[in-house]
Each structure stands twice: as C-alpha cells, then as structure tokens.
**Student:** 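Just passing along the structure, written as structure tokens.
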Amino acid sequence: MSRTTRQSSSLLRVAAVTGVAALTLTACGSGSGSSSSASGSGEVKVGLITKTDTNPFFVKMKEGAEKAAKENGAQLSTAAGKFDGDNAGQVTAIENMVAAGVKGILITPSDSKAIVPAIEKARAKGVLVIALDTPTEPQSAVDALFATDNVKAGELIGEYAKAAMKGKTAKIAALDLAPGVSVGVQRHDGFLKGFGAAEKDVACAQDTGGDQAKGQTAMENCLQKEPDINVVYTINEPAALGAYTALKAKGREKDVLIVSVDGGCTGTQAVKDGKIAATSQQYPLKMAAEGVKAVVLYAKDGKKASGYTDTGVTLITDKAQDGVTAKDTAYGLENCWG
C-alpha cells in the first residue's frame with residue numbers, strides 16, 4: 001500500500017529523534033493549499049501520532065485530520081514512528097506535543113500496553129487522548145476510542161470464507177500481524193469466530209507485520225509445512241498480495257481462497273481482479289476527522305469524548321455468498337483509501 005499525502009510548501013517539519021526512534025512532527029500554517037489549519041494564536045492545538053507515515057492507511061488518516069483541522073480552525077501537529085512497533089518514538093511524540101501545549105492527542109498505538117504510562121502522564125496534565133483504529137490495553141487508558149470494530153471485520157470475512165467453501169474441509173493458514181498487537185488479535189479471533197473454527201483448526205500461523213514481502217515468505221513457509229492449505233486469512237491486503245504471489249508461483253492461485261481486512265484502493269482493486277476473494281473495508285479518514293472534532297469540542301466547552309465509537313466496516317466482494325451481507329468492488333473503489 002502506498003500513497004503520498006499532498007502537502008504545501010508552507011508545511012513546517014521538525015524531526016524529533018530519540019535513541020532508536022525518529023519521528024516527524026508537522027505544524028500546519030495558513031495559506032498552505034492543503035494545510036490543515038490557519039495560523040493564529042487562538043487556534044486549538046491538536047496532535048496526531050500514527051504508527052508510520054508510509055502506510056496508506058495512516059496517510060489517509062493524516063489527510064482526514066488535516067482537512068478536519070482546517071475546517072474547524074485547529075492547528076495540527078503530526079508524528080509517526082520509523083516502523084510499526086516504534087513505541088519509544090511514540091512516547092517521545094506525546095511528550096513533545098504536551099510540551100507544545102496541545103489540547104488533545106489522537107494516537108494509533110504501536111504497542112497497546114507499553115504506551116499507556118505516557119498516555120496517563122498526558123491525561124494528568126489535562127490533555128484529551130483519543131485512540132484511533134487500535135485500542136490501548138486497557139481501553140480505559142484513553143478518554144475515547146474511534147475505530148473499526150476489528151472483531152466484526154474479522155467475523156465478516158470468516159463468515160464469507162465459510163460460505164464460499166460450501167462445505168469443503170478447510171485447511172487454514174493465518175497470516176497475522178505481530179504478537180500482542182490488539183488489532184491483529186481481534187481480527188484473527190473474529191475470523192475464527194465467523195468461520196466457526198478454533199485455534200486447533202489453523203494448519204499454519206505466521207506473523208507478517210502487515211508487510212507484503214513478509215506475507216509472501218509466510219505463505220511460502222505455510223505451503224512447505226501444509227501443501228494442501230486452501231483458505232488464507234490475512235491481517236491486511238499487503239500480506240494478502242504477498243500470499244497471492246507465493247501461491248501463484250506454485251500454481252495454486254486459482255484454488256486457494258484469500259480473505260483480508262483493510263479496504264485500501266490497491267487491496268480493493270485486487271478483489272476486483274480476483275486475487276483476493278473478499279476484504280473488510282474500514283474508514284481511516286472518518287476516524288481522524290471525528291477525532292479532531294472531538295478535541296476542538298473539548299477545547300471549546302470542556303466536553304470530553306468517551307467510550308467507543310464504531311467508524312464502520314463493510315464486506316467488499318464481487319462473488320457474493322448467500323447469507324453474508326456485502327457490497328461490490330464498485331462501492332469499495334468509491335470508498336477506498338491509499
């Protein structure tokens with residue numbers, strides 16, 4: 001997945017580096033084409049911290065935050081880890097944003113547990129903290145969560161895969177994210193629930209970090225271990241496309257069912273092209289936009305967002321199955337990201 005965020009020449013970038021982590025913080029000023037805010041000392045300062053700044057999901061999330069900040073007269077600062085799992089970098093970003101006087105921070109936690117102490121310190125100083133996409137552990141560590149119901153996203157593709165198998169015995173490969181990352185665990189568990197399977201029914205499980213090359217290697221390993229695999233669950237569409245490449249090399253791309261989660265434009269096109277059977281589409285722009293609005297509202301009247309807000313998920317496929325609600329790739333491509 002790849003997408004470049006359009007930014008004007010007036011965007012100011014400041015690098016904050018600590019130990020093994022480096023993050024980019026961006027403050028948006030006035031008169032900057034696609035900038036997310038206008039200048040002025042009376043602006044509400046909002047921080048957005050994503051896992052990386054290269055994954056199109058987070059690129060779209062940043063675009064949504066920039067647009068919402070501009071529309072709501074807020075000043076947006078952004079930061080992103082060098083890699084997915086860069087907790088140290090996210091901690092530094094939180095500290096920098098608190099010192100800069102942000103009223104609220106929106107964050108997609110790289111490590112749902114390890115980030116909690118830094119979040120607690122920010123909240124103790126009166127900063128509203130909202131998790132986007134990925135919940136913290138515990139979820140109550142933040143004021144609110146705006147995210148896809150990742151269990152439901154997994155369930156949808158699990159139900160679809162079960163129906164598409166039409167009673168055939170399944171040999172399942174699970175190409176997961178990484179140990180302990182809540183979003184990966186939830187999607188995996190949701191898939192098994194939707195399929196009506198248990199962990200013992202998974203013939204091969206491999207971590208991919210959501211990366212296409214690692215997805216290919218994981219699929220190669222699984223095919224070596226269990227050559228008869230016929231159902232592949234993947235954490236996201238890059239991993240799914242990696243799996244497809246490995247299967248095609250073995251001449252198996254036509255007889256193995258691949259299902260995934262995300263709904264990026266590249267992944268949705270892969271569904272249309274028949275490389276992926278179905279995907280659960282989520283909406284990062286909405287997560288970020290609603291988060292910015294919540295911080296602005298808090299700054300204006302002290303009303304804190306709370307609890308969980310489901311930002312929606314839709315099953316996308318051109319091969320609908322009885323009993324499974326879905327929309328086609330025409331809808332998916334109209335609403336995709338990346």
**Student:** Can you confirm whether V259 sits close enough to F191 that some side-chain heavy atom of one is under 4.5 Å from a side-chain heavy atom of the other?
**Tutor:**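 The answer is yes; the side chains approach within 4.5 Å.
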**Student:** K214 vs Q206, test: side-chain hydrogen bond (donor to acceptor under 3.5 Å, both in side chains). Steps then yes/no.
**Tutor:** CA-CA 9 Å; K214 291 179 181 178; Q206 295 269 305; over 6 Å; no
**Student:** For E120, which residues count as a salt bridge (charged side-chain N to carboxylate O under 4.0 Å, His left out) partner, sequence neighbours excluded?
**Tutor:**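 In terms of salt bridge (charged side-chain N to carboxylate O under 4.0 Å, His left out), with neighbours along the sequence ignored, E120 is linked to no residue.
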**Student:** Take L333 and Q269 through the test side chain to side chain contact (heavy atoms under 4.5 Å, CB included) and record every step on the way to the result.
**Tutor:** CA-CA 7 Å; L333 289 169; Q269 184 63 46; 3.9 Å; yes
**Student:** How does the hydrophobic cluster around Y283 look, that is, which other residues are in it when side-chain heavy atoms under 4.5 Å mark a link?
**Tutor:**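 Besides Y283, the hydrophobic cluster comprises I316, Y331, listed by chain and residue number.
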**Student:** Does the side chain of Q224 pick up a donor-acceptor pair with the side chain of E220 at under 3.5 Å?
**Tutor:**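 Checked: Q224/E220 side chains show no N/O donor-acceptor pair below 3.5 Å.
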**Student:** Determine the minimum heavy-atom distance between R123 and A141, stating which atoms define it.
**Tutor:**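 Closest pair (atom of R123, atom of A141, distance): NH1-O, 2.7 Å.
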**Student:** Is I130 linked to F58 within one hydrophobic cluster, defined over Ile, Leu, Val, Met, Phe, Trp and Tyr using a side-chain heavy-atom separation of less than 4.5 Å?
**Tutor:**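 Result: yes, single cluster for both.
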**Student:** Output every pair passing disulfide bond (SG atoms under 2.5 Å apart) with a member in residues 142-229, not counting sequence neighbours, ordered by first then second residue.
**Tutor:**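 Residue pairs with at least one partner in residues 142-229: C204-C222.
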**Student:** If two hydrophobic side chains count as joined below 4.5 Å and joins carry through other members, does L156 share a cluster with V231?
**Tutor:**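 They do share one cluster, since a chain of ILVMFWY contacts under 4.5 Å joins L156 to V231.
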**Student:** What's the spacing between T136 OG1 and I119 CD1 if we round to 0.5 Å?
**Tutor:**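 So the OG1 of T136 and the CD1 of I119 are separated by 5.5 Å.
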**Student:** Only one of N150, T234, T148 passes side-chain hydrogen bond (donor to acceptor under 3.5 Å, both in side chains) with R187; say which it is.
**Tutor:**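 With R187 as partner, side-chain hydrogen bond (donor to acceptor under 3.5 Å, both in side chains) holds for just one option, N150.
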**Student:** Between E155 and K152, is the closest basic N to carboxylate O distance under 4.0 Å?
**Tutor:**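 A salt bridge is absent here (no side-chain N lies under 4.0 Å from a carboxylate O).
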**Student:** Taking C-beta and beyond as the side chain, do D84 and N55 meet within less than 4.5 Å on heavy atoms?
**Tutor:**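 No, too far: nothing below the 4.5 Å cut-off.
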**Student:** Quick one, M97 and I49 - any side-chain contact, counting heavy atoms below 4.5 Å?
**Tutor:**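 In short, these two side chains touch, coming nearer than 4.5 Å.
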**Student:** For the side chain of D273 and the backbone of K275, is there at least one donor-acceptor N/O pair under 3.5 Å apart?
**Tutor:**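 Between the backbone of K275 and the side chain of D273 there is no qualifying donor-acceptor contact (under 3.5 Å).
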**Student:** So, the side chain of T317 versus the backbone of A278: is there a donor-acceptor pair under 3.5 Å, distance only?
**Tutor:**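 Not at all, since once roles are kept as given, no pair shorter than 3.5 Å links the two residues.
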**Student:** Taking the side chain as C-beta and beyond, is there a heavy-atom pair between L192 and E199 under 4.5 Å?
**Tutor:**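 The answer is yes; the side chains approach within 4.5 Å.
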**Student:** Only one of D111, T134, D86 passes side-chain hydrogen bond (donor to acceptor under 3.5 Å, both in side chains) with K51; say which it is.
**Tutor:**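 The option that passes is T134.
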**Student:** Closer than 3.5 angstrom, by distance alone: can the side chain of D310 be matched with the main-chain N or O of G312 as a donor-acceptor pair?
**Tutor:**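 Present.
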**Student:** Give a yes or no on whether the backbone of V151 and the side-chain of D149 come within a donor-acceptor separation of less than 3.5 Å.
**Tutor:**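 Checking the backbone N and O of V151 against the side chain of D149, a donor-acceptor pair under 3.5 Å is found.
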**Student:** In the single-linkage hydrophobic clustering (I, L, V, M, F, W, Y; side-chain heavy atoms under 4.5 Å), do I172 and L175 co-cluster?
**Tutor:**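 Result: no, two separate clusters.
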**Student:** Any idea which heavy atoms bring T279 and D262 closest together, and the distance?
**Tutor:**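 Heavy atoms only, the tightest pair is OG1-N, 3.6 Å.
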**Student:** Keeping the roles fixed (side chain from E253, backbone from T245), state whether a donor-acceptor pair exists under 3.5 Å.
**Tutor:**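 Answer holds: no.
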**Student:** Kindly indicate, with the supporting measurements, whether the criterion side chain to side chain contact (heavy atoms under 4.5 Å, CB included) is fulfilled by M287 and F57.
**Tutor:** CA-CA 11 Å; M287 296 176 196; F57 184 86; 3.9 Å; yes
**Student:** What's the verdict on salt bridge (charged side-chain N to carboxylate O under 4.0 Å, His left out) for E159 and K162, showing C-alpha distance, side-chain angles and the deciding distance?
**Tutor:** CA-CA 5 Å; E159 291 169 359; K162 183 69 172 181; over 6 Å; no
**Student:** Any donor-acceptor pair under 3.5 Å linking the side chain of S182 with the backbone of P135?
**Tutor:**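 Side chain of S182 to backbone of P135: a pair is present.
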**Student:** Within the side chain of D189, is there an N or O that forms a donor-acceptor pair under 3.5 Å with the backbone of Q186?
**Tutor:**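 Judged by distance alone, no pair lies under 3.5 Å.
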**Student:** Please say whether more than 12 non-hydrogen atoms of neighbouring residues, nucleotides or ligands are located less than 6.0 Å from NZ in K300.
**Tutor:**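 At most 12 heavy atoms, drawn from other residues, nucleotides or ligands, come within 6.0 Å of this atom.
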**Student:** Taking 4.0 angstrom as the limit, do D53 and K62 come out as a salt bridge?
**Tutor:**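 Salt bridge: no.
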**Student:** Going from CG on L315 to NZ on K327, what distance comes out if it is rounded to the nearest 0.5 angstrom?
**Tutor:**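 Interatomic distance, L315 CG to K327 NZ, rounded to 0.5 Å: 11.0 Å.
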**Student:** State, to 0.1 Å, how close T208 and A239 come at their nearest heavy-atom pair, and which atoms those are.
**Tutor:**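 Taking every non-hydrogen atom into account, OG1-CB, 3.8 Å.
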**Student:** Is a side-chain N or O of W337 found less than 3.5 angstrom from the main chain of V59, in a donor-acceptor match?
**Tutor:**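 Side chain of W337 to backbone of V59: no pair is present.
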**Student:** Should V91 and E95 count as side-chain neighbours, where that means a heavy-atom distance under 4.5 Å?
**Tutor:**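 V91 reaches E95 side chain to side chain.
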**Student:** Can you find a heavy atom in the side chain of Y244 that is under 4.5 Å from one in the side chain of V256?
**Tutor:**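 Heavy-atom side-chain distance check fails, nothing below 4.5 Å.
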**Student:** How long is the gap from CD on E334 to CG on D328, to the nearest 0.5 Å?
**Tutor:**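 Answer rounded to 0.5 Å: 8.5 Å.
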**Student:** How close do L106 and A288 get, heavy atom to heavy atom, and via which atoms?
**Tutor:**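 Closest heavy-atom pair between L106 and A288: CD1-O, 4.0 Å.
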**Student:** Under a 3.5 Å distance rule, please check whether T311 uses its side chain to pair with a backbone N or O of A147 as donor and acceptor.
**Tutor:**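 Checked: pair present.
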**Student:** Does some side-chain heavy atom of K45 sit less than 4.5 Å from a side-chain heavy atom of K103?
**Tutor:**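 They are not in side-chain contact.
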**Student:** In Å and rounded to the nearest 0.5 Å, what is the CG to OG1 distance from D207 to T217?
**Tutor:**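 Interatomic distance, D207 CG to T217 OG1, rounded to 0.5 Å: 13.0 Å.
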**Student:** Hey, what do you get for NZ (K248) to NZ (K254), rounding to the nearest 0.5 Å?
**Tutor:**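 Reported to 0.5 Å precision, the distance equals 8.0 Å.
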**Student:** Provide the closest heavy-atom pair for Q90 versus T108 in the form atom of the first, atom of the second, distance.
**Tutor:**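 Looking at all heavy atoms of both residues, the shortest contact is NE2-O, 2.9 Å.
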**Student:** Under 4.5 Å between side-chain heavy atoms, hopping through other hydrophobics if needed: is there a path connecting Y233 to L177?
**Tutor:**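 Y233 clusters together with L177.
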**Student:** Under 3.5 Å, is there a donor-acceptor pair between the side chain of D318 and the main chain of T329?
**Tutor:**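 Yes, D318 side chain to T329 backbone: donor-acceptor pair under 3.5 Å.
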**Student:** Would you call L247 and I258 a side-chain contact if the rule is heavy atoms closer than 4.5 Å?
**Tutor:**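 In short, these two side chains touch, coming nearer than 4.5 Å.
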**Student:** Please tell me whether I276 and Y160 are part of a single hydrophobic cluster in this structure, the criterion being side-chain heavy atoms less than 4.5 Å apart.
**Tutor:**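 Cluster IDs for I276 and Y160 differ.
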**Student:** For N230 and M165, run side chain to side chain contact (heavy atoms under 4.5 Å, CB included): C-alpha distance rounded to whole Å, both residues' side-chain angles, the deciding distance at 0.1 Å, then the answer.
**Tutor:** CA-CA 9 Å; N230 55 11; M165 288 299 287; 3.6 Å; yes
**Student:** What heavy-atom pair brings L76 and A69 nearest, and what distance separates the two atoms?
**Tutor:**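 Minimum heavy-atom separation between L76 and A69: CB-CB, 4.0 Å.
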**Student:** Would you mind telling me which of V46, V127, N96 makes a side-chain contact (heavy atoms from CB on, under 4.5 Å) with V102?
**Tutor:**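 Among V46, V127, N96, the one meeting side-chain contact (heavy atoms from CB on, under 4.5 Å) with V102 is V127.
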**Student:** So I229 and M219, side chain to side chain contact (heavy atoms under 4.5 Å, CB included) or not? Walk me through it.
**Tutor:** CA-CA 10 Å; I229 282 169; M219 191 73 250; 4.2 Å; yes
**Student:** Out of curiosity, L48 CG to L132 CG, how far, rounded to the nearest 0.5 Å?
**Tutor:**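 It is 6.5 Å, given to the nearest 0.5 Å.
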